[in-house]
Amino acid sequence: MMTKVKKAIFPVAGLGTRFLPATKSIPKEIMTLVDRPLIQYTLDEARTSGIEEFIFVTSRGKGALEDYFDHSPILENHLREKGNPDLLSIVQETTLDSGTIAYVRQHYPKGLGHAIWCARHLIGDEPFAVILTDDVIISEEPVLGQMIAAYEHLGGAMVGLSRVSWDKVSNYGIVEPETSEGKVLRLKGMVEKPAREQAPSDLAIIGRYILTPRIFDVLAKTQPDTKGEIQITEAIASETSTSPGVFGFVFEGQRFDCGSKLGFLQAGISLALERPELKDNLQEFLKSLDLT
Ligand code: UTP
């Protein structure tokens, strides 16, 4: 039986330049979809997938993120005194138990691979998940939970995969699968942001990973790319030749790239349309827009 995946790393140290000037003073992960910050969606996915320890790789200026998971005694007392139990429980659900949350700093934005490496001392000797908050996935069963279930049979490493249109392959890490059938695919290789002609498939790595601590040794030796960033894709690619290898999990569910303005707006509208208190009025508003 494989060791259970109980820890997750949330790399949130990026500068979020695509959302400037907002991200000059607000962490991207605190920006809201309807009334919940982006980080809440991925945290809930991790929690319902069985994750018990949450490790955030942060950077300067991410204080609002740390406060978000903390107790807020003044606010909680206020809601208690005003007899507002619904809001009180919404606020209380954002608090994580003492000792289950840890923060580690990435001093320079040296890439996603480097951010993950920064958490090495908090992982110890067990498999762990990595979740990118930019990727908000709406699915009946949490995608990470499905991946963990598959991982527990296979071992190795696993990446979340989704098909993207061929004109977008150069925005993603793209995998080379051994076979193209099924949900779980053994991978032969992967390449970060390939030109369309060089892309081995249209299967893109989306921000969900299950890795083992051996990746830290690989990351320590991985050279920065031309932008000075250490890429996780390159490190995982070198693991495809090892045993039991690297697997891709092709998930079902609607995924929004909330690291881009368009994806963020689409996610906000889609999630608002699922709220009974907003749906009718929002639909009416959308219909009233002259979209011709
Ligand atoms: P992105 O490539 O989206 O970079 O990072 P970014 O800084 O967040 O945003 P832009 O492109 O400047 O707008 C993907 C994920 O990796 C994390 C980010 O926080 C994000 O969750 N990351 C990236 C780090 O933690 N450290 C880094 O050095 C780079």
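Start at 1 and go down the list; that is how both ligands and their atoms are numbered. None of the values given here were measured: they were computed from a predicted structure. We use all heavy atoms of the structure for the numbers below, so side chains are in, but hydrogens, waters and symmetry mates are not.
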- May I ask you to say whether Asp44 pairs ionically with Arg36, meaning some side-chain N is under 4.0 Å from a carboxylate O? yes
- Task: Answer with yes or no whether the hydrophobic clustering places Met147 together with Leu203; edges join I, L, V, M, F, W, Y residues whose side-chain heavy atoms lie under 4.5 Å apart.
- Result: no
- Can you list the ligand 1 atoms lying under 4.0 Å from a non-hydrogen atom of Leu15? 7 (O)
- Message: Classify the ring geometry of Phe54 against Phe10: parallel below 30°, tilted from 30° to 60°, perpendicular beyond 60°.
- Response: tilted
- Within 45° of the six-membered ring axis of Phe249 and under 6.0 Å from that ring's centre, is NZ or CZ of Arg208 located there? no
- Message: Quick check on contacts: which atoms of ligand 1 are under 4.0 angstrom from a heavy atom of Lys110?
- Response: 28 (O)
- Query: What part of Thr23 sits under 4.0 Å from ligand 1 if we count only heavy atoms: the side chain, the backbone, both or neither?
  - Reply: neither
- Per-atom contacts of ligand 1 with Pro109, taking only distances under 4.0 Å to non-hydrogen atoms: 28 (O)
- Message: For a quick check under 3.5 Å, do Gln40 and Tyr68 share a side-chain donor-acceptor pair by atom type?
- Response: yes
- Task: Under 4.0 Å from a heavy atom of Leu112: give me the atoms of ligand 1 that qualify, with their elements.
- Result: 16 (O), 29 (C)
- Note on the structure: Looking at Gly259, Ala115, Gly14, the heavy atom closest to atom 18 (C) of ligand 1 belongs to Gly14
- Specify the protein heavy atom at minimum distance from atom 1 (P) of ligand 1: its residue, its atom name, and the distance to 0.1 Å. Arg18 NH2, 4.0 Å
- Message: Between Arg214 and Glu239, does any side-chain N to carboxylate O distance fall below 4.0 Å?
- Response: yes
- Item | Minimum non-hydrogen distance to atom 28 (O) of ligand 1, winning option of Cys258, Gly16, Gly111 | Gly111
- Query: Are Thr133 and ligand 1 in contact, using a heavy-atom cut-off of under 4.0 Å?
  - Reply: no
- Query: Are any of the protein's heavy atoms under 4.0 angstrom from atom 8 (O) of ligand 1, yes or no?
  - Reply: yes
- Among all protein heavy atoms, pick the one closest to atom 5 (O) of ligand 1 and tell me residue, atom and distance. Asp134 OD2, 4.5 Å
- Message: So that I can tick it off, tell me whether Glu277 and Arg275 are bridged by a salt bridge, with the cut-off set at under 4.0 angstrom between side-chain N and carboxylate O.
- Response: yes
- Which atoms from ligand 1 have a heavy atom of Lys28 less than 4.0 Å away? 3 (O), 6 (P), 8 (O), 9 (O)
- Query: Among protein heavy atoms, which lies nearest atom 17 (C) of ligand 1, and at what distance?
  - Reply: Pro11 O, 3.6 Å
- Message: I'd like to know if the side chain of Lys193 and the backbone of Tyr172 have a donor-acceptor N/O pair within less than 3.5 Å.
- Response: no
- Taking atom NZ of Lys6 as the centre, does the number of heavy atoms from other residues, nucleotides or ligands within less than 6.0 Å exceed 12? no
- Item | Geometric N/O contact Ala13 with ligand 1, under 3.5 angstrom | yes
- Item | Residue pair Phe264 / Thr32: nearest heavy atoms and the distance that separates them | CZ-O, 3.4 Å
- For atom 12 (O) of ligand 1, closest protein heavy-atom neighbour: Thr17 OG1, 2.5 Å
- Message: Could you identify the single nearest non-hydrogen protein atom to atom 26 (N) of ligand 1 and state the distance to 0.1 Å?
- Response: Gln106 OE1, 2.7 Å
